[in-house]
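The structure appears below as structure tokens.
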Amino acid sequence: MKKLIATIFLISSISSVARAKTNEPIYTFADDTIVIKQKFIDGYYLGDLTETTPYVLTRTEEVRLPDSSGKSDLRLLKYRNDEDEWIEFNVIELVRNGVTTLQLQNTNGWGELSPSLNLSGNYIRIELTNNTIALIFEEYIYASQPSNISIIIITENEAKLIYNKPMFINSVNITGNSFSMELQSNTVEYKANGTPYDAPITHKIWLQNNVLWFKDL
């Protein structure tokens, strides 16, 4: 009887874990400082970094907060030895008053947003509050596998990477002050007859209470 009870409890516990889904803010604030959650941030592939510097500047643009309380220069740079024409930049820098506030480095690189999104440019800009914005970058996609989606939060005080996970962006909805984005974390394979082997694993990021939230669908 004890073994039976223990077995039932174990099955119940496993089932509960399987049903558990994430639904929480991706980051928080403490005294105007962005507090990241490390579980939402994977590292970048760096590979062999020899002969990558000096970086080649491909684009610079000014990024202003909605209330004009602060501005940064967004610098997109490419490795000196990277000849892949699809990769537009390997380094993202944010510079304010001559000081680099954030630098991200990625050998896999970033490029234009996926054509399926019907959005032009290298990133998605979302205004979260009067003095906070988010920039969303899509890593170059290799071999039909999900690429890293990187989200940077910029305030009048700082800039931080708050999200970096391998995901496809299925859709983006920006309407007025509303924002949501559906993501997919797996590649769906198909049988010879066209039916899928498995279902897509989808997630959602959206704006709620002035911060970005994440949940599993």
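These numbers come from the heavy atoms of this one structure, side chains and all, not from hydrogens, waters or symmetry mates. The model shown is predicted, which means the values in this text are computed figures rather than measured ones. Index from 1, following the sequence.
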Given side chain to side chain contact (heavy atoms under 4.5 Å, CB included), test I162 with I152 step by step and report yes or no. CA-CA 6 Å; I162 57 98; I152 299 169; over 6 Å; no

[X]-[Y] co-clustered via ILVMFWY side chain contacts under 4.5 Å:
{"X": "I87", "Y": "I169", "value": "no"}
{"X": "Y140", "Y": "I124", "value": "no"}
{"X": "V172", "Y": "I26", "value": "yes"}
{"X": "Y45", "Y": "L77", "value": "no"}
{"X": "F29", "Y": "I205", "value": "yes"}

Kindly give the heavy-atom pair with the smallest separation between [X] and [Y], and that separation in Å.
{"X": "G47", "Y": "T107", "answer": "N-OG1, 4.0 Å"}
{"X": "I34", "Y": "K160", "answer": "O-NZ, 2.6 Å"}
{"X": "T100", "Y": "V95", "answer": "OG1-CG2, 3.9 Å"}
{"X": "R75", "Y": "T60", "answer": "CG-OG1, 3.9 Å"}
{"X": "L113", "Y": "S120", "answer": "CD1-O, 3.9 Å"}
{"X": "L94", "Y": "A159", "answer": "CD1-CB, 3.7 Å"}

Any salt bridge linking E83 with K78? Criterion: basic side-chain nitrogen under 4.0 Å from a carboxylate oxygen.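 Here E83 does not pair with K78 in a salt bridge, since their nearest N and O are not under 4.0 Å apart.
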
Do the charged groups of K204 and E182 touch, with an N to O distance under 4.0 Å?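 Salt bridge between K204 and E182, a charged N being under 4.0 Å from a carboxylate O: no.
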
Would you give the length of the straight line joining atom [atom1] of [X] to atom [atom2] of [Y], rounded to the nearest 0.5 angstrom?
{"X": "I174", "Y": "L119", "atom1": "CD1", "atom2": "CG", "value": "6.0 Å"}
{"X": "I36", "Y": "I41", "atom1": "CD1", "atom2": "CD1", "value": "4.0 Å"}
{"X": "S72", "Y": "E158", "atom1": "OG", "atom2": "CD", "value": "11.5 Å"}
{"X": "M167", "Y": "E139", "atom1": "CE", "atom2": "CD", "value": "13.0 Å"}
{"X": "T101", "Y": "E93", "atom1": "OG1", "atom2": "CD", "value": "9.5 Å"}
{"X": "T52", "Y": "D82", "atom1": "OG1", "atom2": "CG", "value": "10.0 Å"}

Walk me through it: do R96 and E156 pass the test salt bridge (Lys or Arg N to Asp or Glu O under 4.0 Å)? CA-CA 10 Å; R96 181 177 295 178; E156 57 187 330; over 6 Å; no

Whether over 12 other heavy atoms sit under 6.0 Å from [X] [atom1]:
{"X": "N177", "atom1": "CG", "value": "no"}
{"X": "K37", "atom1": "NZ", "value": "yes"}
{"X": "N173", "atom1": "CG", "value": "yes"}
{"X": "D198", "atom1": "CG", "value": "yes"}

Under the side chain to side chain contact (heavy atoms under 4.5 Å, CB included) criterion, do R80 and T53 qualify, and how do the steps go? CA-CA 6 Å; R80 180 170 62 87; T53 56; 5.9 Å; no

Under 4.5 Å between any side-chain heavy atoms of [X] and [Y], yes or no?
{"X": "E88", "Y": "N122", "result": "yes"}
{"X": "L104", "Y": "Y44", "result": "yes"}
{"X": "I126", "Y": "F179", "result": "yes"}
{"X": "D32", "Y": "T155", "result": "no"}
{"X": "V188", "Y": "Y197", "result": "no"}
{"X": "L212", "Y": "I151", "result": "yes"}
{"X": "Q103", "Y": "V91", "result": "yes"}
{"X": "D216", "Y": "N23", "result": "no"}

Under the ring-ring contact (aromatic ring centres under 6.0 Å, His included) test, which residues partner Y123, sequence neighbours left out?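 Residues passing ring-ring contact (aromatic ring centres under 6.0 Å, His included) with Y123: F137.
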
Give me the one residue out of Y55, W110, Y79 that meets ring pair (Phe, Tyr, Trp, His ring centres under 6.0 Å) with F89.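 When ring pair (Phe, Tyr, Trp, His ring centres under 6.0 Å) is applied between F89 and each of Y55, W110, Y79, only W110 qualifies.
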
Check which hydrophobic residues are tied to I141 through side-chain heavy-atom contacts below 4.5 Å, counting indirect links as well, and list them.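 Members besides I141, by chain and number: F168.
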
Would you tell me whether [X] and [Y] have side-chain atoms, one donor and one acceptor, within less than 3.5 Å of each other?
{"X": "E51", "Y": "N81", "result": "no"}
{"X": "S116", "Y": "N118", "result": "no"}
{"X": "S114", "Y": "E138", "result": "yes"}
{"X": "S150", "Y": "N164", "result": "yes"}
{"X": "N90", "Y": "Q105", "result": "no"}
{"X": "T129", "Y": "N131", "result": "yes"}
{"X": "N193", "Y": "T195", "result": "yes"}

Does the ring center of W86 lie less than 6.0 Å from the ring center of Y142?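 No.
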
Quick one: are the ring centres of F40 and F214 less than 6.0 Å apart?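 For F40 and F214, the ring centres are under 6.0 Å apart.
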
Evaluate the side chain to side chain contact (heavy atoms under 4.5 Å, CB included) criterion for residues I149 and I136: first the C-alpha distance (whole Å), next the side-chain angles of each, then the deciding distance (0.1 Å), finally the verdict. CA-CA 7 Å; I149 302 302; I136 304 174; 3.8 Å; yes

Evaluate T33 against D31 for side chain to side chain donor-acceptor pair (under 3.5 Å), listing each step before the verdict. CA-CA 5 Å; T33 298; D31 297 327; over 6 Å; no

Counting N and O atoms only, with roles assigned by atom type, does the side chain of D73 sit under 3.5 Å from a partner on the main chain of G98, one being a donor and the other an acceptor?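 Here the side-chain-to-backbone pair does not exist.
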
Are the side chain of T187 and the backbone N or O of S144 linked by a donor-acceptor pair below 3.5 Å?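 Side chain of T187 to backbone of S144: a pair is present.
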
side-chain contact (heavy atoms from CB on, under 4.5 Å) with L128: which of L65, I133, I153?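 Going through L65, I133, I153 one by one, the side-chain contact (heavy atoms from CB on, under 4.5 Å) with L128 is satisfied by I153 alone.
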
Take H203 and K215, measure what side chain to side chain contact (heavy atoms under 4.5 Å, CB included) needs, and give me the verdict at the end. CA-CA 6 Å; H203 319 268; K215 74 175 179 178; over 6 Å; no

